Trainee: 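Here it is: the structure, laid out below.
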Amino acid sequence: MNISLSSTEIAILERYQRNFSDRRSYVKVTCILMIGKGLSPKEVSDYLDIDDSTVYRYADSYHEDGLEVYLQTDYKGYWGMLSCVHISELRRELNRSLYTEAQSVAVWIKERLGIDYTLQETEWLETTKIKLVFLPPYFLNLIERLWKFLREKVINTCLY
């Protein structure tokens, strides 16, 4: 795989490389620069700590779309329907109460915040391989007992 870059394209990519603050955009631009300088996709993936298929995907995207489309950063993450206030209220509730299933959390969100998550999310949970397992309260104390034992017998054995 080889991408031939003109001197103007290299200058533009290097300028973008210096100005990006997020890692994803920086890696995307650096990947094309490294391939343009003759490095193999394996070397690029090793240097940038990304997957080989990502290097090929970036190169194909650059080759097909061109420089301007390739440099567009229109990625927007999905925050869901909850606002920051809703999320903080949900965190307080989860710290106060123990919920053993996602459906009961969805019911609380619907009753308290008026946002309905019950249909899509619970149906999705039922169709995936994820299985919610109820752990009794004493199960969590096993690790606490192990840490207590280690502190008493191993860690705190010296007197100063």
Side-chain angles (χ1 to χ4, degrees), residues 1-110 112-135 140 143 146-147 150 155:
M1 168 182 294
N2 192 6
I3 296 177
S4 59
L5 298 173
S6 67
S7 59
T8 57
E9 288 177 324
I10 291 173
I12 292 171
L13 286 169
E14 286 176 344
R15 187 175 57 233
Y16 273 102
Q17 184 184 32
R18 285 189 298 272
N19 293 330
F20 279 129
S21 60
D22 62 311
R23 181 178 171 3
R24 181 179 178 270
S25 301
Y26 176 82
V27 167
K28 194 173 177 182
V29 170
T30 306
C31 179
I32 298 302
L33 281 171
M34 293 173 86
I35 291 173
K37 292 182 179 179
L39 276 85
S40 71
K42 178 67 178 151
E43 291 172 321
V44 172
S45 67
D46 289 341
Y47 289 138
L48 296 177
D49 195 26
I50 57 176
D51 193 45
D52 293 345
S53 61
T54 305
V55 174
Y56 285 106
R57 190 173 34 122
Y58 285 162
D60 290 341
S61 176
Y62 179 80
H63 184 68
E64 290 174 8
D65 299 333
L67 181 62
E68 287 185 26
V69 175
Y70 181 75
L71 292 177
Q72 289 178 352
T73 55
D74 55 354
Y75 176 76
K76 293 182 176 111
Y78 177 68
W79 283 86
M81 293 182 268
L82 298 176
S83 68
C84 295
V85 175
H86 292 152
I87 291 172
S88 64
E89 190 174 345
L90 177 61
R91 284 184 180 163
R92 280 193 301 271
E93 175 64 23
L94 293 175
N95 286 332
R96 255 190 314 240
S97 305
L98 175 66
Y99 289 93
T100 58
E101 55 188 25
Q103 188 171 8
S104 58
V105 175
V107 168
W108 183 87
I109 290 173
K110 183 176 182 182
R112 180 71 181 215
L113 305 176
I115 299 172
D116 189 16
Y117 276 109
T118 54
L119 295 178
Q120 296 174 343
E121 283 73 12
T122 53
E123 289 175 4
W124 176 81
L125 278 174
E126 291 172 359
T127 59
T128 62
K129 294 181 180 180
I130 297 173
K131 183 179 178 184
L132 297 174
V133 178
F134 173 72
L135 297 176
L140 299 176
I143 193 69
L146 173 65
W147 278 112
L150 287 174
I155 298 172

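Quick caveat: nothing in here was measured; it's all calculated off a predicted structure.
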Trainee: Output the distance between atom CG (Asp46) and atom OG (Ser40), rounded to the nearest 0.5 Å.
Mentor: 8.0 Å
Trainee: Going by heavy atoms in the side chains, are Ile32 and Tyr16 under 4.5 Å from each other?
Mentor: no
Trainee: Which value, rounded to the nearest 0.5 Å, describes the distance between Ile87 atom CD1 and Arg92 atom CZ?
Mentor: 12.0 Å
Trainee: Heavy-atom count around Asp49 CG within 6.0 Å, excluding the residue itself: above 12?
Mentor: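 Incorrect, the count does not exceed 12.
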Trainee: Report the distance from atom CG of Leu5 to atom OH of Tyr62, rounding to the nearest 0.5 Å.
Mentor: 4.5 Å
Trainee: Could you pull out all residues at least two apart from Ser4 that satisfy side-chain hydrogen bond (donor to acceptor under 3.5 Å, both in side chains)?
Mentor: none
Trainee: Between atom CG of Leu113 and atom CG of Leu90, what is the distance when rounded to the nearest 0.5 Å?
Mentor: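 Going from CG on Leu113 over to CG on Leu90, the span is 7.5 Å.
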Trainee: Nearest heavy-atom pair of Ala59 and Ile35: which atoms, and what distance?
Mentor: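 For Ala59 and Ile35, the tightest heavy-atom pair comes out as CB-CD1, 4.1 Å.
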Trainee: Could you walk me through whether Val55 and Met34 pass the side chain to side chain contact (heavy atoms under 4.5 Å, CB included) check?
Mentor: CA-CA 10 Å; Val55 174; Met34 293 173 86; over 6 Å; no
Trainee: Find the distance between CD1 (Ile10) and NZ (Lys37) and round it off to the nearest 0.5 Å.
Mentor: 7.0 Å
Trainee: Are the side chains of Asp52 and Pro41 in contact, using a 4.5 Å heavy-atom criterion?
Mentor: no
Trainee: Tell me, yes or no, whether the heavy-atom count around Arg96 atom CZ, taken from other residues, nucleotides or ligands under 6.0 Å, exceeds 12.
Mentor: yes
Trainee: Checking Tyr47 against Leu39 for the side chain to side chain contact (heavy atoms under 4.5 Å, CB included) test, could you report, in this order, the C-alpha distance in whole Å, the side-chain angles of both residues, the deciding distance, and whether it holds?
Mentor: CA-CA 10 Å; Tyr47 289 138; Leu39 276 85; 3.4 Å; yes
Trainee: Is there a donor-acceptor pair under 3.5 Å between the side chain of Tyr70 and the backbone N or O of Lys28?
Mentor: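 Answer holds: yes.
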Trainee: Working to the nearest 0.5 Å, report the span between OG of Ser104 and CG of Leu98.
Mentor: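 Nearest 0.5 Å value for the OG-CG distance: 9.0 Å.
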